Protein chains: 2
Amino acid sequence: MPAPDPDVRRRLIEVAADVLSEEGPGALSARRLARDAGTSTMALYTHFGGMPALVRAVVAEGFARLYDRVAEVEPSADPLADLVAAAVAYRGYALADPHLYLVMFGSASLGEYRLTETELEVGLAAFGQLVAVVERVMDAGAIRRSDPAAVAGQFWAALHGYVMIELSGLSHVVEDPEAQILQPLLTNLLTALGPPA
Amino acid sequence: MPAPDPDVRRRLIEVAADVLSEEGPGALSARRLARDAGTSTMALYTHFGGMPALVRAVVAEGFARLYDRVAEVEPSADPLADLVAAAVAYRGYALADPHLYLVMFGSASLGEYRLTETELEVGLAAFGQLVAVVERVMDAGAIRRSDPAAVAGQFWAALHGYVMIELSGLSHVVEDPEAQILQPLLTNLLTALGPPA
DNA sequence: CGATCGACCATAACGCCGTTATGACAGGAT
DNA sequence: ATCCTGTCATAACGGCGTTATGGTCGATCG
């Protein structure tokens with residue numbers, strides 16, 4: 001084989017993530033990626049099989065980055081503070097790379113649909129972190145014990161929903177969305193989930 | 001003018017919404033729409049100016065339909081029940097036309113970005129309904145009095161976030177997402193927002 | 001009432017796109 | 001030394017959004 005260049009696959013994913021971040025999904029094209037990665041469009045087909053598959057790989061990469069970003073918050077003595085910190089990190093990631101974030105959740109709409117098993121796995125790994133944090137909060141007694149996945153799902157839905165609305169520019173229904181919507185939303189959730197008294 | 005056919009604009013929007021609903025965004029193309037609407041691609045440019053503008057019109061149409069759908073829930077004697085009914089109607093709309101719903105919120109990612117003033121207005125009109133319901137719930141004393149827009153924003157974020165996760169297929173982290181995530185999420189929000197007791 | 005004008009849209013072309021066919025080329029296996 | 005196989009470059013195909021051009025009418029006005 002001709003120097004199989006095992007990095008070509010990796011390079012294509014990273015170039016795609018960069019182009020997506022900086023110029024948006026409209027700039028994603030096979031020819032552009034091949035040029036920027038210093039190869040030809042055929043490499044894209046030998047390594048991925050087509051453009052949609054590459055986008056899926058980029059989505060998986062995005063979830064991996066989200067995972068890393070959220071994993072950066074070190075567990076402290078106060079699990080509840082950790083939960084809030086994780087939420088802040090999550091929002092920070094989405095705002096830092098909105099195009100990628102939107103494609104991650106909109107790929108169901110963009111490509112053809114439905115995440116494959118592989119992407120679901122990566123996404124679920126990221127979600128698993130949240131479940132773990134929730135479990136620790138329960139262990140600490142800051143919220144009542146119940147199905148951690150269900151509780152984590154509620155937090156995720158609230159967080160994701162807020163972030164999407166903020167990214168869409170629709171959050172300007174209020175002056176300070178973060179203070180008037182996100183913060184009370186999480187606080188209210190924590191209050192209702194809190195110990196009986 | 002040659003029978004200005006004032007319906008061409010309307011027909012293009014409706015055909016686009018239909019194609020989007022039934023075959024997804026990948027099937028949206030100027031040539032396809034022109035063919036289905038019984039005209040040529042030029043009509044698209046005289047009426048909209050280009051493909052992105054047409055997509056924006058479809059997004060506005062989607063928000064209008066969402067508005068109508070949610071407006072169908074008649075105010076009853078129990079505003080709190082009305083709020084829940086509105087949430088059910090909202091989810092129903094999103095699940096009934098997932099492609100359109102995803103484009104509505106993902107158009108920031110699809111086209112080039114940012115909703116224009118016009119779409120924001122339509123979106124905000126839909127949001128206004130929710131604010132009104134929240135105000136009536138406050139009047140009834142079922143939740144504490146505070147900024148209705150901020151409270152409505154929290155509900156919207158929670159609802160939208162849940163719906164997005166459900167549409168992405170990511171909600172299968174639990175067996176029955178609606179019962180384990182959406183329902184408790186709204187209930188918890190209502191509980192925390194409820195009167196001091 | 002007929003000439004004129006201008007909005008509407010059909011046709012055809014341009015440069016892009018994703019994708020495919022084809023083939024050159026470079027090792028590993030034989 | 002031979003073939004075989006995975007890798008990638010070149011070039012082509014159909015379809016895309018968009019634009020240029022021109023024909024065709026309804027409205028307007030002398």
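These numbers were taken from a predicted model, which means no experiment stands behind them.
In this structure, CZ of A:R35 is placed 11 Å from P of C:dG18, rounded to the nearest angstrom. Nucleotide C:dT20 holds its P atom 6 Å from the OH atom of A:Y45, rounded to whole Å. One interatomic measurement links the two molecules: CG of B:L28 to C1' of D:dC16, which rounds to 13 Å at whole-angstrom precision. A:R32 places its CZ atom 16 Å from the C1' atom of C:dG18, with the value rounded to the nearest Å. We find that CG of A:L54 is positioned 10 Å from P of C:dT19, with the value rounded to whole Å. At whole-Å resolution of the value, CZ in B:R9 and C1' in C:dC8 are 15 Å apart. Atom pair B:H47:NE2 and C:dA7:P shows a separation of 13 Å (rounding to whole Å applied). When rounded to the nearest whole Å, the span between CG of B:L12 and P of C:dC8 equals 13 Å.
At distances below 3.5 Å, not a single donor-acceptor pair connects side-chain atoms of B:E135 with backbone N or O atoms of B:P148. At least one donor-acceptor pair under 3.5 Å links the side chain of B:R144 to the backbone N or O of B:A192. Looking at A:Q180, its side chain does come within 3.5 Å of a backbone N or O of A:D176 through a donor-acceptor pair.
Taking 4.5 Å as the limit, every side-chain heavy atom of A:R65 sits out of range of all side-chain heavy atoms of A:M104.
Applying the side chain to side chain donor-acceptor pair (under 3.5 Å) definition to pairs two or more places apart or across chains, those involving residues 67-79 of chain A are A:S76-A:D82.
Among the atoms of the strands shown, only primed sugar atoms or phosphate atoms (P, OP1, OP2) are found under 4.0 Å from some heavy atom of A:S29.
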Polar-atom pairs under 3.5 Å, protein N or O versus N or O of nucleotides 9-13 of chain D: list them with distances, or write none.
unit_1	atom_1	unit_2	atom_2	d
D:dA9	OP2	A:T39	OG1	2.8
D:dA9	OP2	A:S40	N	2.3
D:dA9	OP2	A:S40	OG	3.0
D:dA12	N6	A:R31	NH2	3.3

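Each of B:V70, B:V88, B:L100 was evaluated against B:Y93; a single residue qualifies, B:L100, per the side-chain contact (heavy atoms from CB on, under 4.5 Å) test.
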